[in-house]
Enquirer: 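Sending over a structure as structure tokens; questions will come in a sec.
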Protein chains: 2
Amino acid sequence: MLRAAMDLLRETGSEESVSLRAVAARVGVSVPSIYLHFADKQALLDAVCAEVFEQLHVAMKTASADAPNPWEALRAMGVSYVHFALDNPEHYRIVMMRGSSEQAPADEIASGAFGHLLDGVLACIGLGILEGDPVDLGLKLWAAAHGIASLLIAKPRFPWPQVDELVDATICMAGTGLAVGSRLPDELSPDEIVKRLEKLR
Amino acid sequence: MLRAAMDLLRETGSEESVSLRAVAARVGVSVPSIYLHFADKQALLDAVCAEVFEQLHVAMKTASADAPNPWEALRAMGVSYVHFALDNPEHYRIVMMRGSSEQAPADEIASGAFGHLLDGVLACIGLGILEGDPVDLGLKLWAAAHGIASLLIAKPRFPWPQVDELVDATICMAGTGLAVGSRLPDELSPDEIVKRLEKLR
DNA sequence: GACTTGACTGAACATCGCTAACTTAGCGGC
DNA sequence: GCCGCTAAGTTAGCGATGTTCAGTCAAGTC
């Protein structure tokens, strides 16, 4: 049923088309049978969310695996995050752009993809590129990546200029802004920060 | 009917509760009467979107009106944008976090709030703080503001640390990242850019 | 063999967006 | 004074949705 729901979501490209009847028909059972395995339609969608989050997690992991340094790894994570969202727009919409369904999937987020992002941030702090609360830094990066991804998904009619470049530039903007901003009252000058950043590319 | 829909949205706090029957009951007419004024339920929601965008536009305008300089105006716009979204979460969700409904409201966006944002970007370019395509710069700022706003709205259960500070810090991150990044291959050094930025605060 | 348990089904319910057919009121022209 | 026309509103109903309920059927257990 879970797989049927995800496939249906990908094929139709719209959440409304994923009705319990459609899922049941695809699986080959009757509608009420779904309620024997999921408490609710929301529960089914929550299961889909968990699955998508796991896929996103591995996508970010593989993208950052062969990065030459933590800074590039962070950038690769951001870019792969956005590309994953654009490749699975409806799944991403369900996970990140809806009412969170009473139940807090915060643990899912924290333990999965966001945890991996935090590792990258910690590595950059260890390298002296970033400074401050890792969670805070990670949330800002997350906001930037999620921002450009969800904008591109929610407004496909907008005359976007060069999507790939825009995504990469947005991630870079967040990175340099974070690096320069977090080290501002520090002993390191912006010149040296940017020089370090360029050396890592 | 438009007002009834918006009030209903604010009171119930969930889009699902805004049914044509609920709107009709609140207005005091029968359900099909709505179709005499709106082609569709989507048309009603589109009208709501236009209204919300206009409110967002004036909110950003008033917030940036008494800023001491274009750079601070841009920051004020970003912060007020996010606060408007947090004050009207369900309205913001309808406008920015759904399927864009076939019809492109791109003109709405371009002419309204985004146009005002572009003015701010152009002023900063004139000041020598930013450089490059104004639309591109504006989109990145928009992505950052929308990112943190929609994250806060979509994941209210997440243990967010100090919302106001996080919002402001995210906007600042985007600003400095944009300024430093857009001037990188230029004659101005990061040191001087950041110094200029600090002088403007 | 009686009993429990779990997966499953058909029928039904309330609600949703939406449509068709009909009624009513107001207005200008002859 | 009556006609035709338009705008606004109505009742009744359609198909689809999420959800619940009573009942069926096979497998396992004592």
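Predicted model only: the values in this text are computed from it and were never measured. In the text below, chain A, chain B and the rest are named by the order of the sequence lines, each starting its count at 1.
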Enquirer: Without decimals, in angstroms, what is the distance between A:Leu45 CG and D:dG18 C1'?
Expert: 12 Å
Enquirer: Without decimals, in angstroms, what is the distance between B:Ile34 CD1 and C:dC16 C1'?
Expert: 12 Å
Enquirer: For residues A:Arg75 and A:Cys172, report the shortest heavy-atom separation together with the two atoms involved.
Expert: CD-SG, 3.7 Å
Enquirer: So how far is it from B:His83 NE2 to B:Met60 CE, rounded to the nearest 0.5 Å?
Expert: 14.0 Å
Enquirer: Over the length of the helix from C:dG1-D:dC30 to C:dC30-D:dG1, how much do the five-pair end axes diverge, rounded to 10 degrees?
Expert: 20°
Enquirer: Taking atom C1' of C:dC16 as reference, at what distance in whole Å does atom CD of B:Glu16 sit?
Expert: 12 Å
Enquirer: Classify the ring geometry of A:Tyr81 against A:Tyr92: parallel below 30°, tilted from 30° to 60°, perpendicular beyond 60°.
Expert: perpendicular
Enquirer: Assuming nearest nucleotide by heavy-atom distance, tell me which of A:Pro32 and A:Ala22 is located more 5' along DNA chain D.
Expert: A:Ala22
Enquirer: What distance separates B:Arg93 CZ from B:Glu15 CD, expressed to the nearest 0.5 Å?
Expert: 8.0 Å
Enquirer: Take atom CG of A:Leu36 and atom P of D:dG18, then tell me their distance rounded to the nearest Å.
Expert: 16 Å
Enquirer: For B:Ser19, answer base if it contacts any base atom (sugar-phosphate contacts may also be present), sugar-phosphate if it contacts only those atoms, and nothing otherwise; contact means non-hydrogen atoms under 4.0 Å.
Expert: sugar-phosphate
Enquirer: Start at the 5' end of DNA chain C and walk down; is the nucleotide closest to A:Ser30 or to B:Arg21 reached first?
Expert: A:Ser30
Enquirer: Need one value for B:Leu20: base, sugar-phosphate or nothing, where a base atom within 4.0 Å counts as base even if backbone is also close, heavy atoms only.
Expert: sugar-phosphate
Enquirer: When the distance from CG of B:Asp40 to P of C:dC16 is rounded to whole Å, what number comes out?
Expert: 17 Å
Enquirer: How many Å lie between NZ on B:Lys41 and C1' on C:dT15, as a whole number?
Expert: 12 Å
Enquirer: Measuring from atom CZ of A:Phe158 to atom CG of A:Leu151, what distance do you get when rounded to the nearest 0.5 angstrom?
Expert: 9.0 Å
Enquirer: To check you understand the geometry: which heavy-atom pair defines the closest contact between A:Ala179 and A:Trp71, and what is its length?
Expert: CB-CH2, 4.2 Å
Enquirer: Between D:dG9, D:dG18, C:dC18, spot the one nearest the side chain of B:His37, thanks.
Expert: D:dG9
